[in-house]
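Here is the naming used below: chain letters follow the sequence lines, and residue numbers restart at 1 for every chain.
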Amino acid sequence: MANEIKITAPLDDAAVAKLKAGDQVSITGVIYTARDTAHKRLVDALDAGQPLPFDMNGQVIYYVGPSPAKPGKVIGSAGPTTSYRMDLYAERLMEKGMKGMIGKGMRDKKVIEAMKKHKCVYFAAIGGAAALIARSIKAVEIIAYEDLGPEAVRRMEVEDFKAVVINDIYGNDLYDIGKAQYRVAK
Amino acid sequence: MEVGSFTAFLRSGRGEKTLDFPCWFGDNNPFKSNDFNVFWEPILRTIHSNAIIAVVKKMVMGANYDLGDDVIRAFEKGLKQEASPVGRAVLNTLIENARIAHDEQVPICQDTGMAVFFVEMGQDVHIEGALLQDAIDEGVRQGYKDGYLRKSICDPFTRKNTGDNTPAVVILDVVAGDALKITAAPKGGGSENMSRLTMLAPSAGKKGIVDFVVKRCEEAGSNPCPPVIVGVGIGGSAEKCMILAKKALLRHVGEPSPDPELAALEAEMLEKINALGMGPQGLGGTTYALAVHVEKHPCHIASLPLAVNICCHASRHKEAVL
């Protein structure tokens, strides 16, 4: 992809500040997975004053519940799940230092405001391109909530993980921009 | 002693036949009923549940690994008409993804779905062994385990995973004949969440239908993994309407309804949905929907039920006839 920006996870404020809605990125480094029930548990832990199972500072959270790995593979298919279901929890994790989220689909206005405030970006990976995306995941380890099966929290080492910036820290939204560009006026 | 005879008309699994039976008074009836015994075979055709288990297992795996040619052709058609370069790149990625899934026999999408089955059971079929639901569940259990498919079914309150992707949803129609047709239609949660039912007033008419479906797609936006196939049910009762919408998704992608009125409605809705500009993955473009499929059924004089069931681009079906 032309004009692809290479970034390394975890992220810091300087890296986040450079990203703009519409940027194609290639992510290399360590990311963590969490989806519906894992988010509830993370936020329940915060409510109870308990530590999180990993240091959230600078982390990129990938909303995914992978399919099981076939023998000899590190993971099964692993594309993004729909993000709005994590909207209720996202700001709480930003307060703990989360710098990026990877999913698909639109975010709530409150989350977009929180992203500006806490300097966090939202990336989309291609929903349904799960067999392809799995190739960029090089190592996987379950680090919490194993009983949740596909929803367990996993630490992933990724290389050249393709994504696009949907919401940057300046309030831009690629979904709105893209739609406006191709909308046929009624 | 023979006191007369009667003629019986018999119908069995072997066909139809007329036989003469003697009426005998007293012992030592000389009538040998071999003719009858040889002819007799139950009308019901027996299918063992093991056959159902085996075919269900094979279908859930195949459906999740191998994207239908109809969907690939729809991607290729989309590539020709898509105005956005990003949109075309997305479509190319999806074609590549489908190829990898097929070659490596891995799931197209990590969400290998809730296991939904449409079953058309001939009323001359008798299932032996296990209950139909149990046989299908066992096929799902084996297929999701041995096929390394994700188990995505949980208790609605505790959210505890059932661990084997059961129970399956089975929609049963009893039809004429002695065949058992099973269609596996695993469906991901992200697109299923975008489903809606509305009970329009009859006065809303076709315009009301088109407006609702287009608005529903706009609200769904990038959530259901566009390019999507939009299933629309019109009429019936509330629950019948939802089934129609899902059943509409079983049709080959882009094959118009045989009813010209519905085919025109499909074309109108497809154009209006794609004119919204959302495009592949909602990143902007002209191919948000690959097709709109409409099914209709008579409804109550007070009602105009309308159901929308959006399917992601991983539109997965497999069919088997036992």
Side-chain angles (χ1 to χ4, degrees), chain A residues 1-2 22 24 35-38 40-41 63-71 73 75-85 103-107 124-135 147-152 162 164 166 174-186, chain B residues 64-65 83-84 86-87 89-90 93-94 96-112 145 148-152 154 159-161 163 188-191 193-194 218 220-226 271-272 274-286 312-314:
Chain A
M1 199 66 74
Q24 305 280 344
R35 50 172 292 159
D36 304 68
T37 307
K40 181 169 180 1
R41 289 200 189 172
Y63 302 153
V64 61
S67 64
K70 276 190 160 182
K73 301 259 185 155
I75 197 159
S77 298
T81 194
T82 321
S83 306
Y84 72 86
R85 301 191 310 268
K104 54 140 173 138
M106 303 150 292
R107 308 308 301 260
I126 295 182
L132 177 67
I133 290 171
R135 293 185 164 184
D147 60 298
L148 294 180
E151 294 200 72
K162 308 282 190 195
V164 57
I166 300 293
L174 179 62
Y175 291 134
D176 289 343
I177 297 166
K179 187 173 155 184
Q181 195 179 346
Y182 290 96
R183 193 180 187 93
V184 179
K186 281 182 183 169
Chain B
N64 273 297
Y65 300 157
S84 153
V86 172
V90 168
T93 302
L94 297 180
E96 188 188 355
N97 183 68
R99 186 186 54 75
I100 293 170
H102 172 77
D103 289 352
E104 297 184 7
Q105 293 287 283
V106 295
I108 300 156
C109 178
Q110 79 289 339
D111 187 349
T112 51
K145 179 174 178 284
Y148 297 90
L149 306 182
R150 197 180 79 182
K151 291 77 181 167
S152 309
C154 70
R159 311 305 294 178
K160 185 176 161 48
N161 200 303
S191 66
N193 281 343
M194 298 298 110
E218 181 155 32
S222 46
N223 293 337
C225 287
E271 192 187 334
K272 287 188 169 159
N274 284 334
L276 294 170
M278 296 187 292
Q281 295 289 307
L283 299 173
T286 52
C312 62
H313 55 77

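- Side-chain contact between B:T93 and A:L132: present, with at least one pair of heavy atoms (C-beta onward) separated by less than 4.5 Å.
- A distance-only check finds a donor-acceptor pair linking the side chain of B:Q110 to the backbone of A:G79 [under 3.5 Å].
- Looking at A:A134, neither its backbone nor its side chain comes within 4.5 Å of chain B, counting heavy atoms on both sides.
- Neither the backbone nor the side chain of A:I75 has a heavy atom closer than 4.5 Å to any heavy atom of chain B.
- The contact between B:E96 and chain A is made entirely by side chain atoms (from C-beta outward), counting heavy-atom distances below 4.5 Å.
- At distances below 3.5 Å, at least one donor-acceptor pair connects side-chain atoms of A:S77 with backbone N or O atoms of B:P107.
- Between the side chain of B:R150 and the backbone N or O of A:P66 there is no donor-acceptor pair closer than 3.5 Å.
- A:K179 places no side-chain N or O within 3.5 Å of a backbone atom of B:G282 that could act as its donor or acceptor partner.
- A salt bridge does not link A:E151 to B:K151: none of the charged nitrogens lies less than 4.0 Å from a carboxylate oxygen.
- Looking at B:N97, its side chain does come within 3.5 Å of a backbone N or O of A:G128 through a donor-acceptor pair.
- Between chain B and the options A:P80, A:S67, A:P150, the largest number of non-hydrogen pairs under 4.5 Å is found for A:S67.
- Between A:K73 and B:E104 there is a salt bridge, since a side-chain N of the basic residue sits under 4.0 Å from a carboxylate O of the acidic one.
- A donor-acceptor pair under 3.5 Å links the side-chain atoms of B:H313 to the main chain of A:G127, judged by distance alone.
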